[in-house]
**Q** 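Following this message is one structure expressed as structure tokens.
FYI, the numbering just counts along the sequence from 1. Excluded from the calculations below are hydrogen atoms, water molecules and symmetry mates; all remaining heavy atoms, backbone and side chain alike, are included.
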Amino acid sequence: MTTLTSKFPHLRQDFLASIVVFLVAVPLCVGVAVASGVPAELGLVTGIVGGLVTGFLPGSSLQVSGPAAGLTVLVFEAVSEFGVGTLGVIVLMAGLLQLAMGFFKIGRWFRAISVSVVEGMLCGIGLVIIAGQIYAAAGLKAPETGLGKIAGLPGAFADALGSTEALASLAIGAGTIAVIVLWKRMPKALRSVPGALAAVVLATAATLAFGLPVATVTVEGLFGVIQVPGGDAFGELATPAIWGTIVAFALIASAESLFSAAAVDRLHDGPRTEYDKEMVAQGVGNTVCGLLGALPMTAVIVRSSANVSAGARTKASRVLHGAWLLLFAAALPSALALVPIPALAGILVHAGWKLIPFRQISALWRSHRGEALILVVTAVSIVAVNMFEGVLIGLALSVVKTAWEASHLRTEIVDKGAGPIQVHLTGNATFLRLPKILDSLEALPQDRPVELDLSGLHHLDHACRTALENWAERHSAVGSEPVRVTTAA
């Protein structure tokens with residue numbers, strides 16, 4: 001008789017890894033939900049779907065999906081504008097859009113997005129998360145906009161200093177961050193417990209032991225928060241504004257998932273990610289989340305790297321982590337009511353800080369200042385405007401920079417004092433370089449013959465060709481001889 005071990009040779013490694021991922025996921029699922037302005041249990045629902053649904057599907061075998069801090073800002077804006085009841089429709093339509101992109105094999109093209117834009121997106125999201133969660137840690141209401149959050153921080157600290165409740169709440173949030181940061185220095189036996197979970201447990205214990213006046217998570221029960229979208233929610237699809245949010249959900253969730261997959265592939269030697277299949281898997285997961293009225297999901301690098309580090313070998317670990325989340329949500333929902341909200345805010349402040357690519361910014365500034373500028377502008381745009389438009393600004397800058405670099409052109413003028421003036425153009429002649437080309441040609445003497453050598457051009461676009469022909473006609477009309485043009489054979 002075939003034993004269980006022979007059927008599943010990596011069962012032990014995957015089982016232990018699933019426990020680690022579950023312990024990492026619980027505080028993050030709850031924290032992301034609370035920060036997004038929805039019931040805490042909806043974060044667990046998304047984590048469960050990420051394990052039990054997306055976890056079964058092909059694509060990337062070791063990365064783990066669930067609610068992500070990177071979408072917190074976008075979800076909060078959507079909930080504020082359209083309401084929690086409409087969130088399910090937005091997520092459902094975003095999931096269907098992901099499915100379409102996967103079936104049409106668009107997933108692989110996400111690898112063509114500039115890394116600077118992605119890093120800038122994460123940086124901008126990190127800054128908004130940090131600013132917003134500082135208010136939550138102090139028990140204060142955060143301003144609506146990213147700039148408002150940052151500009152209002154001095155006033156928020158001033159208000160907190162005059163309130164015992166706010167100071168107690170800030171102390172719990174700061175203590176949570178301190179535990180997470182210092183946990184890596186703990187003995188190895190203690191470090192088997194994830195730092196975020198340890199921080200939440202210690203913050204909860206401190207709040208209960210000292211009777212601190214700190215807000216805790218509101219619990220409604222797992223089945224009480226699941227809300228299948230109704231007719232009114234689907235009626236919102238007639239509003240043009242909602243489609244921009246749907247596209248933003250789909251594109252940003254897809255980009256985050258596929259970039260996470262690329263990062264996870266560098267952490268292990270197992271099967272590589274099939275990007276289009278992973279896009280389909282994410283689409284299925286988000287479609288199910290939408291039908292349940294839950295948060296959108298992405299692949300999450302924190303949980304994925306924990307999965308690999310814990311020794312996972314197959315997708316069984318991520319499926320099992322979803323089962324443990326389901327058991328926890330069904331059997332111990334009351335435990336969530338003890339968790340202090342500032343502790344969850346502290347977890348997200350730490351997560352936001354890790355999203356800011358300090359090393360990448362400094363490295364880019366030393367080697368590719370144009371890319372560093374794109375990163376910074378993308379981040380600032382997200383803070384100043386919103387996430388979707390900030391990413392579009394970053395992508396537009398990236399395209400312009402690439403086009404400018406691709407149009408590299410060298411103009412060489414040889415004038416021997418007698419005979420024709422020779423002009424050699426080499427490289428790529430595009431409309432972006434046209435002003436420079438014409439400036440050089442129009443500065444040539446009108447009474448001298450000119451030989452224009454275009455044989456060194458790799459590319460000559462229509463705008464440049466037309467402009468050169470017009471210049472040649474004008475110069476020939478007043479010159480001693482027609483302009484001689486030499487092109488590649």
**Q** With a sphere of 6.0 Å drawn around NE2 of His459, does it hold more than 12 non-hydrogen atoms of other residues, nucleotides or ligands?
**A** yes
**Q** Does any non-hydrogen side-chain atom of Leu122 lie less than 4.5 Å from one of Ile356?
**A**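 Side chain of Ile356 against side chain of Leu122, heavy atoms only: no contact under 4.5 Å found.
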**Q** In residues 18-47, what donor-acceptor pairs under 3.5 Å come from side-chain atoms, sequence neighbours left out?
**A**
residue: Ser18; atom: OG; partner: Phe15; partner atom: O; Å: 2.6
residue: Ser18; atom: OG; partner: Trp324; partner atom: NE1; Å: 2.9
residue: Ser36; atom: OG; partner: Val32; partner atom: O; Å: 2.7
residue: Glu41; atom: OE2; partner: Glu220; partner atom: N; Å: 2.8
residue: Glu41; atom: OE2; partner: Gly221; partner atom: N; Å: 2.9
residue: Thr46; atom: OG1; partner: Leu42; partner atom: O; Å: 3.3
residue: Thr46; atom: OG1; partner: Leu295; partner atom: N; Å: 3.1
residue: Thr46; atom: OG1; partner: Leu295; partner atom: O; Å: 2.8

**Q** For side-chain contact (heavy atoms from CB on, under 4.5 Å), just list the numbers for Val49 and Met297, CA-CA rounded to whole Å, side-chain angles, deciding distance to a tenth of an Å, and then say yes or no.
**A** CA-CA 9 Å; Val49 174; Met297 76 164 58; 3.6 Å; yes
**Q** Does a sphere of radius 6.0 Å around CH2 in Trp353 hold more than 12 heavy atoms from other residues, nucleotides or ligands, not counting ones at 6.0 Å or beyond?
**A**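 It does not: Trp353 CH2 has 12 such atoms or fewer within range.
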**Q** Determine whether the side chains of Gln282 and Thr54 contain a donor N or O and an acceptor N or O closer than 3.5 Å.
**A**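 Gln282 vs Thr54: no donor-acceptor pair found between side chains.
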**Q** Got a list of side-chain donor-acceptor pairs under 3.5 Å for residues 127-135, not counting sequence neighbours?
**A**
residue: Tyr135; atom: OH; partner: Lys149; partner atom: O; Å: 2.7
residue: Tyr135; atom: OH; partner: Gly152; partner atom: O; Å: 3.3
residue: Tyr135; atom: OH; partner: Leu153; partner atom: N; Å: 3.2

**Q** Can you find a pair of side-chain heavy atoms, one from Leu190 and one from Pro187, that are under 4.5 Å apart?
**A** yes
**Q** Compare every heavy atom of Leu57 with every heavy atom of Lys315, then report the nearest pair and how far apart it is.
**A** NZ-O, 3.4 Å
**Q** Could I get the full list of side-chain hydrogen bond (donor to acceptor under 3.5 Å, both in side chains) partners for Asn428, not counting sequence neighbours?
**A** none
**Q** What residues, two or more places apart in sequence or in another chain, satisfy salt bridge (Lys or Arg N to Asp or Glu O under 4.0 Å) together with Glu274?
**A** Lys277
**Q** Suppose we screen for side-chain hydrogen bond (donor to acceptor under 3.5 Å, both in side chains). Which residues come up paired with Thr176, at least two apart in sequence or across chains?
**A**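 Result, side-chain hydrogen bond (donor to acceptor under 3.5 Å, both in side chains) vs Thr176: none returned.
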**Q** What's the verdict on side-chain contact (heavy atoms from CB on, under 4.5 Å) for Leu364 and Ser116, showing C-alpha distance, side-chain angles and the deciding distance?
**A** CA-CA 9 Å; Leu364 281 175; Ser116 298; 3.9 Å; yes
**Q** Tell me, yes or no, whether the heavy-atom count around Phe358 atom CZ, taken from other residues, nucleotides or ligands under 6.0 Å, exceeds 12.
**A**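 Atom CZ in Phe358 is packed in, count exceeds 12.
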**Q** Given the rule in the side-chain contact (heavy atoms from CB on, under 4.5 Å) test, do Ile252 and Met121 qualify, once you have shown the distances and angles that lead to the verdict?
**A** CA-CA 9 Å; Ile252 293 173; Met121 178 185 77; 3.9 Å; yes
**Q** Any side-chain heavy-atom pair from Trp471 and Ile437 closer than 4.5 angstrom?
**A**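 Result no, sub-4.5 Å side-chain heavy-atom pair not found.
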**Q** With sequence neighbours left out, what residues match Glu412 under salt bridge (Lys or Arg N to Asp or Glu O under 4.0 Å)?
**A** Arg410
